[in-house]
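Values reported hereafter were calculated over all heavy atoms of this structure, with side chains retained and with hydrogens, waters and symmetry mates removed. First the proteins, then the strands, lettered A, B, ... as listed; each starts at 1. Remember, predicted model here, so these are calculated numbers, not experimental data.
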2 protein chains.
Amino acid sequence: MAKKPDEIAKALGVSITTVRLVLGGKAEKYRISKATQARIREYVEEHGVKFDLTARSLKLKRTNTFGLIIPRLANPFFAKLSEELEHRCRETGYQLIISCSNSDEETEKELANGLVQRNVDGLFVVSSTSGSQQHLGNTITKPMVFLDRDYGNTDAPVITSSNFEGAKDLTAAIAKAAGNEPVYFLIGGSNQPTIIERARGYLDVMPENAGEDWTLRSARNRTQDGEQMMQTLWDKLGTAPQNLMASSLPVLEGALAVLRERLGHIPAQLRLATFDDDKMLSFLPNEIWSIKQQEPEWAEAALQAMTQTMSSEQPHSKTIATRLIHRPKDQ
Amino acid sequence: MAKKPDEIAKALGVSITTVRLVLGGKAEKYRISKATQARIREYVEEHGVKFDLTARSLKLKRTNTFGLIIPRLANPFFAKLSEELEHRCRETGYQLIISCSNSDEETEKELANGLVQRNVDGLFVVSSTSGSQQHLGNTITKPMVFLDRDYGNTDAPVITSSNFEGAKDLTAAIAKAAGNEPVYFLIGGSNQPTIIERARGYLDVMPENAGEDWTLRSARNRTQDGEQMMQTLWDKLGTAPQNLMASSLPVLEGALAVLRERLGHIPAQLRLATFDDDKMLSFLPNEIWSIKQQEPEWAEAALQAMTQTMSSEQPHSKTIATRLIHRPKDQ
DNA sequence: GTGAAAGCGCTAACAT
DNA sequence: ATGTTAGCGCTTTCAC
C-alpha cells in the first residue's frame, strides 16, 4: 500500500532526493518550490510513505533503540518498570527491546551481546550477579545504565531504591504495633545487594539480639524459600509468630501457605510487613505494612541517566524513594 | 574489544570476503584452505568478532525480529505471555519487541506502523478494538497473528482461550456449591469478545432469569468498574451476596474493596469465582474457584501460527484450554 | 583457493 | 531550485 520514496519520485517525475528532502522536513533549507512540495505531500496523503529505518540506521550508526535486560517479566515490579520505561523511551523517540535473563548469568551475557550486535544505542540492565555486572562493564562499550542491583563494581550509573531507609520505616512501623513482641524477618535472596540493604535497615531499628534470634535466611527468594523459612520458624517457636516481616512477596506467599497448612487458616491477629506492594494484599484481613516502589520515578531516572551518558554529561546514579503503605486490620 | 571483520582481514593479510566466508560457515562451500580457516578462527578466539546485524538486515530484507503489541505489561497475564513468547522467539532465532498500546486504538496503529518501519518480520497483536484489528489487517502486509481478542474480521490466524468452556466450568462449579442461591456475575468490559464469551458460558449454565436478575455490566474492566457494580448490587440486595463471580481480577478487587468498606471485613462464607488466576487469591479465607490461563501453550501456538504464515502454509487459529482451580475455604 | 564488485535504502556533501 | 554521488557493512555472484 504505502509507497517507497523512489516510487513516489518516479510517479511525480522528480528526483528521489527532492522527495526525501520534502518528507524529511528539509524542504525550506534546500529551497524546494512550494509547488513541488505540495505535489509530493498530496501524493503521500493519498498513498502513504514507507521509510526503511534499517537503512537509516546503517548510515547513521544509530538505531534509536535501547535494550532492557531484566530477570523476569512475570515479576510485577519489573513488568511495571518495563512498561513505564518503554513508554518514556517511545516519547523520546526510542524503541525499547525487553529481554529476560531468568536471573542466569550466561543468558544475561548472551542477551547483552545480541542487543549490541543489533546496534542498540544503549543498554539498561538489571544484573543478576556481581560477576555479570562486572563482565558487562568491561565488555560493552555502549552507554549503560544499571538498575536495581548495585554490586558496587561499575562506573556506569546505577538506579536503586531506598531499601535501607524503606526497611527502617517498615520495621519501625510494625515494631511499634508489636510492642515488646518479637518481629521475625524472613530474608530470601540474602546475598543480593537489595536484600542486604533491607536486612541492614531492619537491624538498624531492632534491638541487638534481633539479628541472631529473629531473622531467618535463604539464598533465594522464591515461594518455596518462604515456605522453608516459615517451617523452620514454626519448628523453633512451636506455634505461629505474632509479627512477621518478609523480604519480598514470594517469600510472604510461601510463609502464609505454611501457616494455612498448619492452622487451617491465616490468623487474623497476625501482623504482617512486606517489601513490594500488591493490590491483592488487601485481600488479607490482617494489619499489613508494605513498601511500594515508584516505578514512574524509576523509569524517569533511568532514562535521564541514559541521556546524560549518551551526551557525555556526568551521569548521575540515583536512589528512588519508596512509600510505606498501611492496611489496617479488618473489623 | 571485539574486532570487526575488516580489521581481522587486515591483521591477517587476507581479504574481508575470506574472513566472512569462514565465520559465516561457508568455508567448505568456497573451499577456503584449512590453514586459513585455522588462522582466522584462532584470531577470533582471542579477540572476538562483532558483526553488524543492521547491515545484514538491509541486505537480506529481514531482521529476525517480531513485534508484539499488547494493551499493558502491568496486566500479569500479558506479562507472562510476553515472557513466554519472548523466550520462544529467541530460541527460534528471533528478537521480540514488546510495545504497550494502553488499549488505545490510535496508539496501537502508531505502534504497528513503527514496527513495520523497523522491518519486523512479523507482528503479534492483541487488538484493542474491532476497528483497529480491521485496520491493521487491511494496512499491514507483513505476517500477522492476532492474540486473545477475536473480533471476527480478519483472515489472519487468531489465538484465543476457551472462554466459553471455561466460563461454563467455572459457573457450574460455584453454582453447584451455591445450591439454590443466586450466583451474581459482575461483567466488566462487556463488549470485548473475550468477555462476551465468558458471559455466554455463564448464561449457558444458569437458569433463564439469571441474565436479567443476576448479572451486572460495565463497559470497562478496571477496579473502579468492579466497585461500581458491587455498589449497585449491594444497593439492590441491601446486603452482601452469598456467591459472587467476577469477569476478571480487577473487577474482583473492586468488588471486595466495597464489601470490606461496608462490612469492615470480607465475609468468609462468601463463595467467589473469577477469571484469571493469581497466587495471592490464596490469601483469602474464602472458597474460591478461578480460571487459569496456560501461557506457555499460548506462546507455543502463537509462534507456530507465525511460522506457518511466514512459510505460506495454511496458518491455524487455535483455542487454548483453560484450567479450573479450586481453593477450599479456611477451616 | 581467494578476492572484487554490485547493490540493499538511506544521509549528507557536493554539483548543476 | 533540484539532482548526483559516495559510502554505511553486509551477502551473493562472478572473476581471477
- Presence of B:K61 side-chain N/O under 4.0 Å of C:dG9 phosphate oxygens OP1/OP2: yes
- Decide whether B:R72 and B:S101 meet the rule of one side-chain donor and one side-chain acceptor closer than 3.5 Å. no
- Query: Which nucleotide sits closest to the side chain of A:T36: D:dT2, D:dT11, D:dC10?
  - Reply: D:dT2
- Query: Taking CG from B:N64 and P from D:dC10, how many angstroms apart are they, rounded to a whole number?
  - Reply: 15 Å
- Query: How many Å lie between CG on B:L21 and P on C:dT2, as a whole number?
  - Reply: 10 Å
- Item | Selected nucleotide, minimal atom distance to B:T17 side chain, candidates C:dT2, C:dA4, D:dC10 | C:dA4
- Message: Quick check for you: among C:dG3, C:dC10, D:dG9, whose closest atom lies nearest to any side-chain atom of A:R20?
- Response: C:dC10
- Message: Let's see if you can work this out: which of D:dT2, C:dC8, C:dG1 has an atom nearest to the side-chain heavy atoms of B:S33?
- Response: C:dG1
- Message: So if I take every side-chain heavy atom of B:F51 and compare against D:dC10, C:dT11, C:dT2, which nucleotide ends up nearest?
- Response: D:dC10
- Task: Output yes when at least one side-chain N/O atom of B:K26 is less than 4.0 Å from OP1 or OP2 of D:dT12, else no.
- Result: yes
- Task: Establish, with yes or no, whether the OP1 or OP2 oxygen of C:dG9 is under 4.0 angstrom from a side-chain nitrogen or oxygen of A:R56.
- Result: no
- Message: So if I take every side-chain heavy atom of B:V14 and compare against D:dC8, D:dT11, C:dG3, which nucleotide ends up nearest?
- Response: C:dG3
- Message: If you define the side chain from C-beta out and look only at heavy atoms, does anything of B:L81 sit under 4.5 Å from B:L147?
- Response: yes
- Item | 5' precedence on DNA chain C between A:K50 and B:I16 (nearest-nucleotide basis) | B:I16
- Could you give the CD1-to-C1' distance, from A:I8 to D:dT2, as a whole number of Å? 17 Å
- Does the ring centre of B:W298 sit less than 6.0 Å away from the ring centre of B:F124? no
- Please walk me through it: do A:Q95 and B:S99 pass side chain to side chain donor-acceptor pair (under 3.5 Å)? CA-CA 9 Å; A:Q95 178 66 249; B:S99 293; 3.2 Å; yes
- Query: Looking for any heavy atom pair under 4.0 Å, which part of the strands does B:L58 touch: base, sugar-phosphate only, or nothing?
  - Reply: base
- Query: Any chance the side chains of A:S127 and A:S132 put a donor and an acceptor closer than 3.5 Å?
  - Reply: yes
- Item | A:I40 CD1 - D:dA1 C1' separation (whole Å) | 12 Å
- Message: On DNA chain C, does the nearest nucleotide to A:D52 precede the nearest nucleotide to B:Q37 from the 5' side, or the other way round? Give the residue.
- Response: B:Q37
- Given C:dC10, is OP1 or OP2 found less than 4.0 Å from the side-chain N or O atoms of A:S57? no
- Message: Is there a side-chain contact between A:K59 and the phosphate of C:dA12, meaning an N or O under 4.0 Å from OP1 or OP2?
- Response: no
- Whole-Å distance separating the CG atom of B:D6 from the P atom of D:dG7: 15 Å
- Task: With side chain to side chain donor-acceptor pair (under 3.5 Å) as the test, would you mind laying out the steps for B:S57 and B:N119 before giving the verdict?
- Result: CA-CA 9 Å; B:S57 297; B:N119 282 317; over 6 Å; no
- Message: If I take atom CZ in residue A:R39 and atom P in nucleotide D:dA1, what distance separates them, rounded to the nearest angstrom?
- Response: 16 Å
- Message: Please report the distance, rounded to the nearest Å, between CZ in B:R62 and C1' in C:dC8.
- Response: 14 Å
- Atom-pair distance (CZ on B:R118; C1' on C:dC10), nearest Å: 15 Å
